[in-house]
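For reference, the structure is listed below as structure tokens.
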Protein chains: 2
Amino acid sequence: MPATVPTSARTVSDVIRVRYDSLTRAEKQLADSLLENYPVSGLGSITVIAENAGVSTPTVARMVQKLGYKGYPEFQSHLHQELEATISSPIAKHDRWASNAPGTHILNRFADAITANLRDTLSELDTPTFEGAAALLRDRSRGIYFVGGRITGALAEYFFTHMQVIRPKTTLISTNSSSWPQHVLNMSAGDVLVIFDIRRYEQEMATLAEAARANGVVIILFTDVWASPVAKHAEHMFKVRIEAPSAWDSSVITLFVVEALIEAVQSSTWAETRERINSLEGLFERSRLFRRPGRQTRPD
Amino acid sequence: MPATVPTSARTVSDVIRVRYDSLTRAEKQLADSLLENYPVSGLGSITVIAENAGVSTPTVARMVQKLGYKGYPEFQSHLHQELEATISSPIAKHDRWASNAPGTHILNRFADAITANLRDTLSELDTPTFEGAAALLRDRSRGIYFVGGRITGALAEYFFTHMQVIRPKTTLISTNSSSWPQHVLNMSAGDVLVIFDIRRYEQEMATLAEAARANGVVIILFTDVWASPVAKHAEHMFKVRIEAPSAWDSSVITLFVVEALIEAVQSSTWAETRERINSLEGLFERSRLFRRPGRQTRPD
DNA sequence: CCAGTTCTGAAAATTTCTCTTCAAGGGCGT
DNA sequence: ACGCCCTTGAAGAGAAATTTTCAGAACTGG
């Protein structure tokens, strides 16, 4: 029974999955263990792998040969190559960028910065904050207000646009602070105020937060690691990394957190949301001429 | 001469860099090789590492001991741990996420999606498109117009807000299509129209593009991989990946490209931009009360 | 319940890796 | 230029990993 040589186009995990049904009990146990924390689980020696999976070393040796590799070393070297492809800066392999400039291309430097920001932001973010904020935004008995500064106003608008589709009682507060007092007047206790205040903090933003807070409004704050003065009034705070190889700060990760929050709110209230979306779609299609070419709503 | 045991808080690469000056010629050669494609370059056996660096195996064994590791296996296991931390979804190490949900936490799934989107988008993006668009946006003799759809309007606004600081003659076109004809009337040949048109393409957007094109306006388009109908009128097109584990599409990577473009334009016209920024800062500071707590402008 | 087949891990055999020793090579101060 | 000391790699000893062998265990079909 000659083992099929794995196509070079395939990853090791693909090979394992394709051949999974033809594996024996101990081998399946091993395969599961390998896939569990793939591909890092395959880094150690054959002995370590075997121990982690709770099987003997001969089982490992047999299986990799069964999968089409000459031996464990060859198997592992495939894994290493995959790791290399995954690890290296997203476009490291596309040397057209690198070869083009003396330093690295702007896109590359941005990509590195964004990746680092993502990692750092997530490692500092804790579940209670995220879940707490999501729970507040999910609660349809509360009114939700969004406000941002000169730069972050666009993020507030983006967040608002989505939440407006998902739930009622959402309001976008203009970046222009002259309208703020009226909005505070409209807020009731238990309402939620989502504030974006990053770097160049706006003093008036803290005043707004304080006033709202005094009215029993709960505040969710998006800020950078230095924390805006709004922080002391905020119930939930997202400290986002904004470093970029640029004269400006990056809002990419802030948008990332916003989108994750949108999904967290949306997915837990899908039944109710679906109805709103359908109505909305109807309104859109009646008032315009186009049909949508791609999916916008969830498949099923 | 007891070697300093590397602080557990430090990464292997940190240890190497800290001790770099105390390394010998062959060891530096080895260190360079290791850092070159860190940490993947350290995956193989001591023999492979030595060959790749062009040194002998004893050199490797000696250096890792000099760095404070008991031997090569220990050194490598540190590398493996780092890889594991790096590879696995940014927060996998913070098992508080994983333990919290049956599947993976939303943040983790989003992080994975965004990383994949970034990689795919960059690999499909070519230099001429990017440089070409940057050159157009840099040209102060051209007027620049920004327009987006219901969702992407916020991105257009974000782009506009930054470009407005950098250069004159920038205009944000409302998402509401009723105002579009007047804007077309104002455009002159050579002006640039930046269009965001993603998924749920708006038919009127293609009409706008066609009309503008007829007036000699150059179009830069941000769209998804399916390409909006505007594509046939566009001079430069950015096909961005927008997949997300969500009922909605992700704009994170689109924002990423926008920010990279902003920096590309900005950095090549810094002298002129600086003056604008300074004036603007003056205006801001005169009209408001605050002082900025962090840096906003470039350090030097 | 039995015979045949397949699977599995202990243990040995083999290969490879890692480390130590040691002599040659090279730099530096005198 | 000489000698000292540090550096370096070749070679071998020792350790570990990998593979093979083989006998018992587990399963299957009658």
Side-chain angles (χ1 to χ4, degrees), chain A residues 1-6 12 15-16 19-35 39-81 83, chain B residues 1-6 12 15-16 19-35 39-81 83:
Chain A
M1 198 59 24
T4 313
V5 174
V12 171
V15 175
I16 294 179
R19 302 298 232 68
Y20 191 84
D21 286 335
S22 71
L23 298 180
T24 67
R25 200 261 315 152
E27 285 170 349
K28 278 181 180 155
Q29 191 176 325
L30 169 60
D32 290 341
S33 165
L34 282 176
L35 293 177
V40 194
S41 45
L43 282 181
S45 74
I46 194 173
T47 319
V48 176
I49 306 306
E51 269 178 16
N52 285 346
V55 300
S56 66
T57 50
T59 302
V60 182
R62 270 191 299 262
M63 187 176 91
V64 298
Q65 289 178 355
K66 199 163 161 185
L67 292 178
Y69 304 94
K70 242 175 69 189
Y72 186 76
E74 187 185 304
F75 168 81
Q76 200 173 43
S77 108
H78 277 252
L79 233 37
H80 286 172
Q81 281 170 259
L83 260 175
Chain B
M1 199 56 26
T4 313
V5 175
V12 172
V15 175
I16 294 179
R19 303 298 231 66
Y20 191 84
D21 287 335
S22 71
L23 299 180
T24 66
R25 200 260 316 150
E27 285 170 349
K28 279 181 178 156
Q29 190 176 326
L30 169 60
D32 290 341
S33 165
L34 282 176
L35 293 178
V40 195
S41 44
L43 283 180
S45 74
I46 195 173
T47 320
V48 176
I49 307 306
E51 268 177 18
N52 285 346
V55 301
S56 66
T57 51
T59 301
V60 181
R62 270 190 298 261
M63 187 174 91
V64 298
Q65 290 178 353
K66 200 163 159 185
L67 292 177
Y69 303 96
K70 243 174 72 186
Y72 186 76
E74 187 186 304
F75 168 82
Q76 201 172 42
S77 111
H78 276 253
L79 233 36
H80 285 172
Q81 280 171 261
L83 256 176

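These figures come from a predicted structure and were not determined experimentally. Letters A, B, ... mirror the listed sequences (proteins, then strands); counts begin at 1.
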If you restrict it to nitrogen or oxygen atoms, what contacts under 3.5 Å exist between nucleotides 11-15 of chain C and the protein, and what is each distance?
none

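Residue B/R62 is in base contact, counting any heavy-atom pair closer than 4.0 Å across all strands shown.
In this structure, CD on B/Q81 lies 6.0 Å from NE2 on B/H78, to the nearest 0.5 angstrom. Rounded to the nearest 0.5 Å, atoms CD (A/E27) and CD1 (A/I16) are 11.0 Å apart. To the nearest 0.5 Å, the span separating CZ on B/F75 from OG on B/S77 amounts to 10.5 Å. One finds the CE atom of B/M63 at 10.5 Å from the CZ atom of B/R19 (value rounded to the nearest 0.5 Å). In this structure, CG in A/L79 is found 7.5 Å from CG in A/L34, a value given to the nearest 0.5 Å.
Regarding B/F75, its CZ atom lies at a distance of 17 Å from the P atom of C/dC17, rounded to whole Å. We find that CZ of B/R25 is positioned 13 Å from C1' of D/dC6, with the value rounded to whole Å. A straight line from CD of A/E27 to P of C/dG9 spans 10 Å, rounded to a whole angstrom. Distance NZ (B/K28) to C1' (D/dT8): 16 Å, rounded to an integer number of Å. Atom-to-atom, CD of A/Q29 to C1' of C/dC7 comes out at 13 Å; the value is rounded to the nearest Å. One atom, CD of A/E74, and another, C1' of D/dT18, lie 14 Å apart when rounded to the nearest Å. Straight-line distance from the OH atom of B/Y72 to the P atom of C/dT20: 16 Å, rounded to whole Å. The distance from atom OH of A/Y69 to atom C1' of D/dT18 is 18 Å, rounded to the nearest whole Å.
The shortest distance between the side-chain N/O atoms of B/Q65 and the OP1/OP2 oxygens of C/dT18 is not below 4.0 Å. Contact between the side-chain N/O atoms of A/T59 and the OP1/OP2 oxygens of C/dT8 is not found at any separation under 4.0 Å. Side-chain N/O atoms of A/S56 include none lying less than 4.0 angstrom from OP1 or OP2 on C/dA10.
Heavy-atom minimum distance, B/K66 versus B/L23: NZ-CA, 4.1 Å.
Looking only at side-chain heavy atoms (C-beta outward), A/T57 and A/Y72 stay at 4.5 Å or farther from each other. Annotation: side chain of A/D32 is not in contact with side chain of A/Q29 (no heavy-atom distance under 4.5 Å).
Using modelled atom types, no side-chain atom of A/Q76 and backbone atom of B/G44 make a donor-acceptor pair closer than 3.5 Å.
Contacts with DNA chain C (heavy atom under 4.0 Å) in residues 42-51 of chain A: none are found.
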